[in-house]
Amino acid sequence: MPEETIFSKIISREIPSELLYQDDLVTVFRDINPVAPTHVLIVPNKLIPTIDDVEPEDEPALGRMITVAKKIAREEGIAEDGYRLIINCREHGNQEVMHIHMHLIGGRALGGMIKRPA
Ligand code: DGP
């Protein structure tokens, strides 16, 4: 079994978060360290450490993450201007919490995606 992270305790509501949405497959809460006016995390309820660990049986949860992103973006009022969805994976992706999560970021122009090396 993969090791639980703080996100498992947020999903089970053992520790508080600014919870926006929860269903049988995913949980959505505001990032504790937002980089934009809207910065929420969309997390599968099942503990899957990284994108490299997904299995075909996880496709319903991974698909739900996208449809819920659309719903939350509309509710946050950022759908028309647009936003960015990011899933980091492991060290080079700068993944800090080893429980898959999709960042939904918007509410300002986000600029180019990744800085080129100088
Ligand atoms: P990543 O680098 O993709 O693993 O991003 C992890 C994000 O998780 C980071 O933006 C901060 C957020 N985060 C970490 N711990 C907590 C927490 O306890 N509560 C909330 N709401 N967000 C957290």
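Numbering of ligands and ligand atoms starts at 1, following listing order. These numbers come from the heavy atoms of this one structure, side chains and all, not from hydrogens, waters or symmetry mates.
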Polar-atom distance check: [X] versus ligand 1, any N or O pair below 3.5 Å?
X: Asn94; result: yes
X: Asn88; result: yes
X: Ser17; result: no
X: Phe7; result: no
X: Val97; result: yes
X: His103; result: yes

So do [Y] and [X] actually touch side chain to side chain, heavy atoms under 4.5 Å?
X: Val40; Y: Glu18; answer: no
X: Leu104; Y: Ile78; answer: yes
X: Leu20; Y: Glu76; answer: yes
X: Met102; Y: Ile66; answer: yes

Tell me the protein heavy atom at minimum distance from [atom], and give that distance in Å.
atom: atom 18 (O) of ligand 1; result: Ile6 CG1, 3.7 Å
atom: atom 21 (N) of ligand 1; result: Arg30 O, 2.8 Å
atom: atom 1 (P) of ligand 1; result: His101 NE2, 3.1 Å
atom: atom 16 (C) of ligand 1; result: Ile32 CG2, 3.9 Å
atom: atom 19 (N) of ligand 1; result: Ile10 CD1, 3.6 Å
atom: atom 4 (O) of ligand 1; result: Glu96 N, 2.6 Å
atom: atom 7 (C) of ligand 1; result: Asp31 OD2, 3.4 Å

Report yes or no: does Gln95 contribute a side-chain atom to a donor-acceptor pair with the main-chain N or O of Ile51 at less than 3.5 Å?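 A pair under 3.5 Å: no.
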
Test of understanding: clusters of I, L, V, M, F, W, Y form through side-chain heavy atoms closer than 4.5 Å, transitively. Do Ile32 and Ile42 belong to the same one?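 Ile32 does not cluster with Ile42.
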
Quick check on contacts: which atoms of ligand 1 are under 4.0 angstrom from a heavy atom of Leu41?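 Here the atoms of ligand 1 in question are 8 (O), 12 (C).
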
Heavy-atom contacts with Gln95 under 4.0 Å: which atoms of ligand 1 show up? List them by number with element. 4 (O)

Are there over 12 heavy-atom neighbours, none belonging to Arg90, within less than 6.0 Å of that residue's CZ? yes

Would you please classify the geometry between the Phe7 ring and the His101 ring as parallel, tilted or perpendicular, with 30° and 60° separating the classes? perpendicular

Can you tell me how far the CG atom of Leu62 sits from the CG atom of Leu25, to the nearest 0.5 Å?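 If I round to the nearest 0.5 Å, the distance is 9.5 Å.
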
Rounded to the nearest 0.5 Å, how far apart are NZ of Lys70 and CD of Glu75? 11.5 Å

